[in-house]
Amino acid sequence: MRAFYITTPIYYVNDVPHIGHAYTTCAADVLARFHRMMGERVLFSTGTDEHGQKIAKAAQEAGLAPQELVDQVVVRFRDLWEKMHISYDVFIRTTDPEHERTVQEMFLLLQKKGYIYKGAYEGWYCIPCETFWPESQLEGRFVCPDCGRPLERLREESYFFALSRFTQPLLSYLEKYPDFVMPESRFNEIYSFVKGGLKDQSISRAGVRWGIPVPGDPNHTIYVWFDALINYLTVAGFGRDEEQFALFWPEAHHLVGKDILRFHAVLWPGILLAAGLPLPRRVFAHGWWTVNGEKMSKSRGNVVDPLEVIRRFGVDRFRYFLLREVSFGLDGDFSEKAFIERSNADLSDNFGNLIHRTVSMVLRYRNGRISRPSGYEDREWEELLHEVRERFLASMERFAFSQALSEVWRLVHFGNRYLDQKAPWRMAKDTSLQRELDQVLYRLLDCGRILGIFILPFMPETARKLLALLGVEAILTEGNLMSFLDWGKGPETFSVQQPEPLFPRLEG
RNA sequence: GGCGGUGUAGCUCAGUUGGUUAGAGCAUCCGGCUCAUACCCGGAGUGCCGGGGUUCGAAUCCCUGCACCGCCA
């Protein structure tokens, strides 16, 4: 049985969840649900990154112990994922003992293999912020970019990971697997970055207490990114569950924001190569959301709260908008106007209304029951579905969610056009056309059933409602839905319920 | 400054290896329908950043100019 391992980054808990977190996690959820729908073994993980100086400082300011602070913020993430219908299998926290053990194990492994050495880290340091700043971020002015106070040149003992030794192996790997980093523009960036030569990476901090101790040298804690990246191994069962690890690790897919691509596409592969482990199948960097054309920031006060969007518009409208509005990988803009227009046009007018008018006619002309009539097959429908399915699958393979959805909507448009052309309301008045009326209505119900399957990964709640409306929700217990994605795979007799609009139009 | 990318309809974008009259959605205008959530269907449009080149043929390849974006320094 095929396996699929999909991860979100673990989110840093110095921030409460916003639309960016929701975006990545939603996309990961769609992939997880899609691969489950195809009958694969799926492992879907998300979680929180809880160590580091910033957390310790925030806790101190709040008068809490670091662990108390992170415990509080974690609840907000878990709560949002529940409300967004995120079907994660594992919620990992970097403070989990299991994870801390894995990180130390990896540290020891790389040390044993000779890829970790002790050296000194020299840079510009802000004493109040307790942060090192690389010269490239200082623009020639030696003041702290955070607080504006003067920096001091400081030298600190540190453990280093010999990343430079993996420049050539990583370059070869990128050449061999051009799909390793997606989209292509990001691949090019990473490739040229690696080509420029990699530097060894400091992977410990001497002054930071809130972190995982370096094995055998408790004055040092492990650098947050080394700590964080290894979460993907912890989840997969590294050093703990060999069977699970062998199944899922080679099938790992990482979804990341473009800001953290380099850690995932350079440092992380370096660590894995050093450890002698396979690299993930894919690292996909998606874009950012602006709000009403402006960058989202706390100081502007324009941060979109996903809970608020869900409360006002419903979870499936939100999920649909996130994945349909912009093509995955590009930046997008979130605005109420765009949200309402997208939702009304696609979900209410085209999709919801097609279902509604179909079911209404089945109720009106056939008391809600239609048996599969002979000769209901239709070549045009069949050809369209086969093409849509093929292109849908190809799009999903490339994480091209927006394209996948627009493929599905070709069926929706065809359904509406078909209804207009056939005009069943006229057939109903002509006793000689009763058989044809059955054929038309059955095709449309079957189309609704197939739409329900297609949208299941994207809008699970709506899919469930739709399939229940058509009386075919039993299909949801099937392990592999792919074989039901064809004509006539529905029941011998459709028995529909009284319809409520799936997506009432929103007032702008 | 180096490398990479983008520039297509009013707006957001798609255009596979160069091959008929360049597409989609939204917006606009006109017509139709009445099963439906004032929805849906049909039609009308307008367009390949500027300049030069290769070719029987260029949105697609090459050169150049301009504008914008990303990564790096």
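Chain A is the first sequence line, chain B the second, and so forth, proteins listed ahead of strands; every chain is numbered from 1.
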Legend entry - Sugar-phosphate only, base, or nothing, as touched by A/Asn353 at under 4.0 Å among non-hydrogen atoms: base
Inset, instruction - Using Watson-Crick or G-U wobble geometry with both distances below 3.5 Å, tell me the partner of B/U37, or none. - result: none
Legend entry - Proximal nucleotide (of B/U37, B/U34, B/C41) relative to the A/Asp420 side chain: B/C41
Legend entry - A/Tyr5 and A/His254 aromatic ring geometry - parallel, tilted or perpendicular at 30°/60° bounds: perpendicular
Inset, instruction - For the side chain of A/His356, starting at C-beta, report the closest nucleotide among B/A36, B/G70, B/A73. - result: B/A36
Legend entry - Candidate nucleotides B/G70, B/U37, B/C35, ranked by approach to the side chain of A/Leu502 - the nearest: B/U37
Inset, instruction - Please step through side-chain hydrogen bond (donor to acceptor under 3.5 Å, both in side chains) for the pair A/Thr462 and A/Asp316, ending with a clear verdict. - result: CA-CA 7 Å; A/Thr462 301; A/Asp316 279 353; 2.6 Å; yes
Inset, instruction - Among the candidates B/G32, B/U34, B/G5, find the nucleotide nearest to the side-chain atoms of A/Asn188. - result: B/G5
Legend entry - Side chain to side chain, A/Leu393 and A/Arg389, heavy atoms closer than 4.5 Å: yes
Legend entry - A/Arg281 to A/Phe4, cation-pi by 6.0 Å centre distance and 45° axis angle: no
Inset, instruction - Select one nucleotide: of B/A36, B/U37, B/C41, the one nearest the side-chain heavy atoms of A/Arg357. - result: B/A36
Inset, instruction - Could you tell me whether A/Phe503 contacts a base, only the sugar-phosphate backbone, or nothing, with contacts defined as non-hydrogen atoms closer than 4.0 Å? - result: base
Inset, instruction - Mind checking A/Gly352 for me? I need base, sugar-phosphate or nothing, with any heavy atom below 4.0 Å counting as a touch. - result: base
